[in-house]
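Lettering follows sequence order; numbering is per chain, from 1. Owing to the predicted nature of the structure, the values given are computational and were not obtained by experimental measurement.
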Protein chains: 2
Amino acid sequence: MAQHGLKSTRQRSLIIDTFFSVGGHLSVEELWNKVREQDTKVSVATVYRTMKLLNDCGLAHARNFGDGQTRYEAAAGRHHHDHLICTRCGRIVEFENDRIEAMQEAVAKKHGFTVTSHKMELYGLCKDCQRIPGSPKTEA
Amino acid sequence: MAQHGLKSTRQRSLIIDTFFSVGGHLSVEELWNKVREQDTKVSVATVYRTMKLLNDCGLAHARNFGDGQTRYEAAAGRHHHDHLICTRCGRIVEFENDRIEAMQEAVAKKHGFTVTSHKMELYGLCKDCQRIPGSPKTEA
DNA sequence: ATACCTGCAAATGTTTTGCAATGAT
DNA sequence: ATCATTGCAAAACATTTGCAGGTAT
């Protein structure tokens, strides 16, 4: 970390290790809770600061799935991908599709735009939730 | 409006008229400013409440382009569409592409999802901004 | 030693809400 | 008259920041 003038601290190591070992698409609060299982003293502010750094370094990507919280996913050496989000159980599935990406480029070009980034999210019901009628987020 | 137990008030009429006549993708604050040109007394809370109603009725759609504010666009009788957003000047261009939609469906089906809604946003530089080096949001 | 980091609490920015007063039907 | 709606100010949320003390290099 020293190459960017960053220091390796107990808190940062714990936060980063936890983030990568838990995986998925964690909100800061979720990550904070996991971190506090190991060290009760770590403050949210530090988790926010650390995830921001990780994002700036390109090791994590900030995402926003419309639930009002920023979520982070590991990014090291990963391809760009998009997401399917189950609006009932919250499951998030990642996918890649080169043909869609190509068509996005084509659409942008048609409108004179140069695309630097994009996001695409498909919301709906996952396989399991389609057969279960009733209200969302009510796991058995 | 009576069919939903909603009442027609001076504030609502003004907010709704303003929203539809200004058009585009307005944040609540932008809309509030426009509204106050006609009536200084209208509160932000009322604008928030009215736009939420309009959204629930399906007459407006809430959008989130990553600038931290919810933006609303008119929705009455419009097709689904996606957006190109210029990260320099903030210009927003709408587009429709049936082939991309079809491929989204296909991807979802492959993963066992039923899609109920989706969002796709392409961020980059518009035609005009590509030729202007320098910092964003600095209009001549 | 010298930056950089941390925790805390206070501040931020956006959106929501409780409540008493006002207004529409 | 009744019940929805308003404005205001306070509350709620997620996130950021100032600062004084602590820590890695």
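At least one donor-acceptor pair under 3.5 Å links the side chain of B/Trp32 to the backbone N or O of B/Val42. The main-chain N or O of A/Val35 is never found under 3.5 Å from a side-chain atom of A/Gln38 such that the two would form a donor-acceptor pair. The main-chain N or O of B/Lys7 is found under 3.5 Å from a side-chain atom of B/Arg12 such that the two form a donor-acceptor pair. Judged purely by atom type and a 3.5 angstrom limit, A/Thr87 has no side-chain atom pairing as donor or acceptor with the backbone of A/Tyr123.
Separating the NZ atom of A/Lys52 from the C1' atom of D/dT17 is a distance of 11 Å, rounded to the nearest angstrom. For A/Leu26 and D/dA14, the CG to P distance is 15 Å, given to the nearest whole Å. One atom, CG of A/Leu14, and another, P of D/dA24, lie 14 Å apart when rounded to the nearest Å. For the pair A/Glu30 CD and D/dA14 P, the interatomic distance rounds to 11 Å; values are reported in whole Å. Going from atom CZ of B/Arg12 over to atom P of D/dT5 covers 4 Å, rounded to whole Å. The separation between B/Tyr48 atom OH and D/dC8 atom P is 16 Å, rounded to whole Å.
The nearest heavy atom of DNA chain C to B/Ala45 and to B/Asp67 marks one nucleotide each, and the one closer to the 5' end goes with B/Asp67. Between B/Arg10 and B/Glu29, the residue anchored closer to the 5' end of DNA chain C is B/Glu29, taking for each the nucleotide with the nearest heavy atom.
Note on A/Val44: nothing from the nucleic acid sits closer than 4.0 angstrom, heavy atoms only.
No close placement of the A/Tyr72 and A/His25 rings is indicated, their centers lying 6.0 Å or farther apart.
Residue B/Thr9 has no polar side-chain atom (N or O) positioned under 4.0 Å from OP1 or OP2 of D/dA4. Residue A/Ser27 places no side-chain N or O under 4.0 Å from the OP1 or OP2 atom of D/dA14.
For the 3.5 Å distance criterion, the side chains of A/Thr114 and B/Gln130 qualify, holding a donor opposite an acceptor.
The footprint of chain A on DNA chain C, defined by a heavy-atom cutoff below 4.0 Å, extends from C/dA3 to C/dC8.
Checked by distance alone, B/Arg49 brings a side-chain donor or acceptor within 3.5 Å of a matching partner on the base of D/dG7.
Considering A/Ile15, A/Leu14, A/Ile16 as possible partners of A/Thr18, the one that fulfils the side-chain contact (heavy atoms from CB on, under 4.5 Å) test is A/Leu14.
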